[in-house]
Amino acid sequence: MAPQPVVTGLSPKEGPPGTRVIIRGEFLGTRIQDLIGLKICGSDCLLSAEWKSSNKIIARSGPAKGKGDIIVTTLSGGVGTSTVQFRAYHETIGPLKESAVWIEESPSQNFAWGRRTLAQSGLTQEDPLGLSIEGNEQKIPEDLRDLIPDACGDLSQENFSPAWFLLENHLATSFEDLKAGLAYLKRKVESQKEGQLSFLKSNAGSVIDQLDTLMNIRDKLQEDVKLHGSEPLNILEQSIENSISESQKIFTDVLVRKEKADSTRSVLFALSRHKFLFCLPNAVDRRAKAAEYDIVVNDYSRAKNLFGKTEIHIFRQVLEEVDQRILLIRRQLHEKVVKMPQSVEQQKKLIKALSSLELQQSGTTVGDRLRNTDPAWDAIEARAKFLEATFRQTFEQHANKEANVQEKSKSRDPSQPPSRVNFCEELCDIAACQLPDLWRLGQFYFTGDLRGPHDPKPGDFKRMVLTAIEKFCVYLRLAILIAADQRALRQTSGLAWPIGSSSATHHFLPWVPQCLRYTRIAYATLIGLDLPSEALDIIQRLIDEVRLFCFSIIFKRATDRCKKLDALETWEMSVEEYPGATSLPAALESLLVETLEEVQTVCMQPEAREGNLLEPHSDGQREVTQRLQELLSAFSGVIAELAFASHDDETPTHNVSQLLGFPNAQQPESVSGVGNSVGAAVNWEQRMLCCLANYAYCNKSFFHHLGNLFVRYGYPLPTLAIESARYNVNQLFTNLLEEYVEHKGDPLVGTIEPSMYLGRFQWDHEMEIGAGQLRPYAHECCDNLVGVYSEIYSISPTLLRPILESIVQTISEELARLMSCVQRFSHTGAIQAHVDIRLLRDALENYTNETAKNYFLEALEAISPPLNGEQKRKADEILERVKRNMRLQLLCFAVKEP
């Protein structure tokens, strides 16, 4: 129920009757019909009310006086309250009174309130004191209700108060004028004392009524005299004589009918003797209404045996009437036989009674009219048509309900089954109840229990059953298989389930296994009927399609859950056989095991007379391959999202030159070794390494392990899906590897040239090389590579070669470019360049491919002029001293990855 109406504002707050008042407040009605009451100062003003909105009403005040509340009554909220009051007063406005406003000459001045019509306010009431109230416009500032409670100034009311009247109308009148008015009032009262003439004047109506009554009595008496005369007793005597003569005529008629009574007595004797035949028409009707058709058949057979060959006209006439009644009963029975719904036993009873009546009446002309009917076959056709009509009616009912829900856009309760599920349950119940009835009725017909004079129609009955089962499967396909191409079904059946929104489809998918269970229950019921294999195969194909659809739905749901596995990533490296791989593959394995167990329970385990969905080159195998491929592809996408999302979320710290005044790259967080949980302490570079390790682990062994899980649950090895997923993983691994190498290698290579020429260094200047040290750029390049090496080794040592080979190739290419750009080398500069390049080449030998080797060789060949024998010996000595000084750094690159 809505809140009570509340009036919070008025405009204006006072005025005479008929004042246009704007009422404002809250909950003043939801529509115009909701407003059922409006009172202003106790006066009903509903007729003039004009509802604008729930916060505004416009009305005109009624014939009330004083201050009062504005009460609004609505159907939805009841009687309301008011926080403000309206003050009503009567004001005389005449043609001679000055007025500051225009007097409206509109119908509102004569508006009807209740049963009374307000006249002009200047003519409404004459002052009883005979004094003019014109000029007494002064008003009392206080409310008279507060001064004189339970009283009023209206002369016609019982609680009239003279003080109220004088204060309201004669506040400014002088005392002498009031005394004169009192004298006028006394004279007026004395003049109204009753005398004889005044009594007649005051009771003239009663006197006239009495005179009218006397005149009516006189008129009635004159009419009676004219009608009956002056002696009514003579008329009464004549009436008695007429009655005597009439009674004699009646007695004579009775004597005449005595002879007829004797003949009637003999007829009644004949009726009593052959009571069975003459009562048979009514008895047949009575027994037929009571559905006692066995008695009707027996009585009709008895009558045919006793009077079938009689030549008596009356008997033949009665038999013809009975034949007409039996024909009518046969028609009624035929209508009842084909009328649905009803049980098979009831139909059998009606068919047997109808067949017996046809056999008894077959020899008559009347009976030949229905000779070509076959009640048993008509009953079968009627049941088949009713079954198909029930299927269609149920489909349309639930489809319309689904369409109405979609139009209203209501939010759906996930705990409540959608209309599709309710339709599947109801349709399967109908099929499980009515299809067996149709089959049993047909069996009774073909075994001879209900067979009539006509030949059976086994071919037609088989087609009828197959059509009903096909209709059943078509409706279930339209409702359940929402992901299939249903254009062919819509064209053949002319039906289509309303296309729902994505939310409605998502709401229905978890209920598909329930629909499969309903279908299986109906299928089990039909299997017990010993139906032909052709009929059962139709339902089996539907069940296999629904099973495959359930498999698809469960795996799609698993794929959706797989896409959310990134929230479960803890970066705990717990895979012993492949360092660097996290627990994410284990989460996928748990999800897949749970999904396979659910699929095995819901749809993959075949029940009675169901096929194997996993036969070679079948749709089931193709579905398994496709769904597994989607699942593994989603998992690969999760790894990529983790890698690149972490890249976007963090601000990476690039390796920059220390020689240029910038800090070196932030080294990776300290870890205690491979296989430890780094958790939230890892940066995005280490996460990328973990993602690369996950890709490599999936490609190497994990995806094959998942394939073995399928074999363990009875599925064929999904080789195609695994190989496709491995190919996808390889592509993603390559992309991620290029991203990581670009991030690590480009800043590192970019520091080589600035560091090489730091401090205006030139290769053609002579330099001191006896100390046996490298140029700063070579030292920095080596140190940066050690940092990259340590970061990779701490996460996944197996990634050292693919990452470092690419970085080393980029470094060698940059060195070859820089050396080829030098115009001339001094003798000492050539020796120093040889030492720098050869040290980097020898240190990174384990991670140098053929391309990098060629670049190193190209860099050495670019040093001009070539070193002579003495310079080569000097360069070899310096290189050996440098290697001894940097043996710790070089030892890192000498350790081979596992």
Side-chain angles (χ1 to χ4, degrees), residues 275-310 313-390 393 434 437-438 440-457 460-461 464 468:
K275 180 179 180 180
F276 167 74
L277 178 62
F278 293 106
C279 294
L280 186 58
N282 293 332
V284 165
D285 291 340
R286 186 173 63 255
R287 298 296 183 182
K289 290 181 181 179
E292 298 174 350
Y293 299 107
D294 294 337
I295 300 177
V296 172
V297 172
N298 293 333
D299 291 344
Y300 183 65
S301 176
R302 179 185 173 190
K304 294 290 287 184
N305 293 331
L306 292 177
F307 305 99
K309 299 180 180 180
T310 182
H313 176 72
I314 185 62
F315 289 168
R316 293 183 62 84
Q317 186 177 357
V318 173
L319 281 178
E320 289 179 359
E321 183 179 358
V322 172
D323 288 336
Q324 294 291 338
R325 302 288 179 91
I326 293 297
L327 179 61
L328 181 60
I329 293 172
R330 285 176 55 190
R331 292 174 179 171
Q332 294 175 354
L333 282 175
H334 192 272
E335 294 176 357
K336 291 183 178 181
V337 163
V338 299
K339 184 179 180 181
M340 299 298 295
Q342 60 178 319
S343 64
V344 176
E345 298 301 323
Q346 180 67 18
Q347 272 189 316
K348 285 177 59 179
K349 179 180 178 181
L350 296 176
I351 291 170
K352 289 182 178 180
L354 184 56
S355 300
S356 299
L357 290 177
E358 287 179 353
L359 183 62
Q360 295 293 334
Q361 204 176 21
S362 59
T364 64
T365 305
V366 177
D368 292 339
R369 300 174 186 174
L370 297 175
R371 184 174 55 185
N372 296 326
T373 60
D374 189 351
W377 182 252
D378 293 342
I380 293 174
E381 288 184 338
R383 186 168 288 275
K385 292 179 181 178
F386 174 76
L387 178 59
E388 293 183 11
T390 305
Q393 180 181 1
Q434 296 191 23
D437 290 343
L438 176 62
R440 286 198 300 269
L441 188 62
Q443 294 303 307
F444 290 141
Y445 176 75
F446 290 106
T447 55
D449 195 9
L450 298 178
R451 186 181 302 174
H454 304 280
D455 295 331
K457 306 173 183 178
D460 294 342
F461 179 73
M464 197 180 297

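Computed from a prediction, not measured in an experiment: that's the story for all the values here.
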Quiz item: Strictly by modelled atom types, are Arg383 and Gln342 linked by a side-chain donor-acceptor pair under 3.5 Å?
Solution: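 Absent: no donor and acceptor within the cut-off.
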Looking only at heavy atoms, which two atoms of [X] and [Y] are closest? And how far apart?
{"X": "Pro281", "Y": "Val322", "answer": "CG-CG2, 3.7 Å"}
{"X": "Phe444", "Y": "Val344", "answer": "CE1-CG1, 4.0 Å"}
{"X": "Ile351", "Y": "Ala379", "answer": "CD1-CB, 3.7 Å"}
{"X": "Ala376", "Y": "Tyr445", "answer": "CB-CD1, 3.3 Å"}
{"X": "Ala468", "Y": "Leu387", "answer": "CB-CD2, 3.8 Å"}
{"X": "Gln347", "Y": "Val337", "answer": "NE2-O, 2.9 Å"}

Practice problem: Dump the intermediate steps for side chain to side chain contact (heavy atoms under 4.5 Å, CB included) on Asn282 and Arg325, then the final yes or no. | Solution: CA-CA 9 Å; Asn282 293 332; Arg325 302 288 179 91; 4.0 Å; yes
Quiz item: Leu441 versus Asp437: any side-chain heavy-atom pair under 4.5 Å?
Solution: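 In short, these two side chains do not touch, never coming nearer than 4.5 Å.
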If I take atom [atom1] from residue [X] and atom [atom2] from residue [Y], how far apart are they, to the nearest 0.5 angstrom?
{"X": "Ile329", "Y": "His334", "atom1": "CD1", "atom2": "NE2", "result": "15.5 Å"}
{"X": "Glu335", "Y": "Gln332", "atom1": "CD", "atom2": "CD", "result": "7.0 Å"}
{"X": "Met340", "Y": "Lys385", "atom1": "CE", "atom2": "NZ", "result": "12.5 Å"}
{"X": "Asp285", "Y": "Leu328", "atom1": "CG", "atom2": "CG", "result": "7.5 Å"}

Self-check item: Under 3.5 Å: donor-acceptor pair, side chain of Thr390, backbone of Phe386
Solution: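 Yes, because the side chain of Thr390 sits within donor-acceptor range (under 3.5 Å) of the backbone of Phe386.
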Quiz prompt | Heavy atoms from other residues, nucleotides or ligands near CD of Gln393 exceed 12 (cutoff 6.0 Å) | solution =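 No, not enclosed.
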Quiz item: Within a radius of less than 6.0 Å around CZ of Arg302, do more than 12 heavy atoms belonging to other residues, nucleotides or ligands occur?
Solution: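 12 or below, so no.
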Practice problem: Hey, can you tell me if Phe446 and Trp377 have their rings parallel, tilted or perpendicular (30° and 60° cut-offs)? | Solution: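 Correct class here is perpendicular.
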Self-check item: Sidechain N-carboxylate O distance under 4.0 Å for Glu345, Lys349
Solution: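 Salt bridge: no.
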Quiz prompt | Residues that Asp294 engages under salt bridge (Lys or Arg N to Asp or Glu O under 4.0 Å), provided they are two or more places apart | solution = none
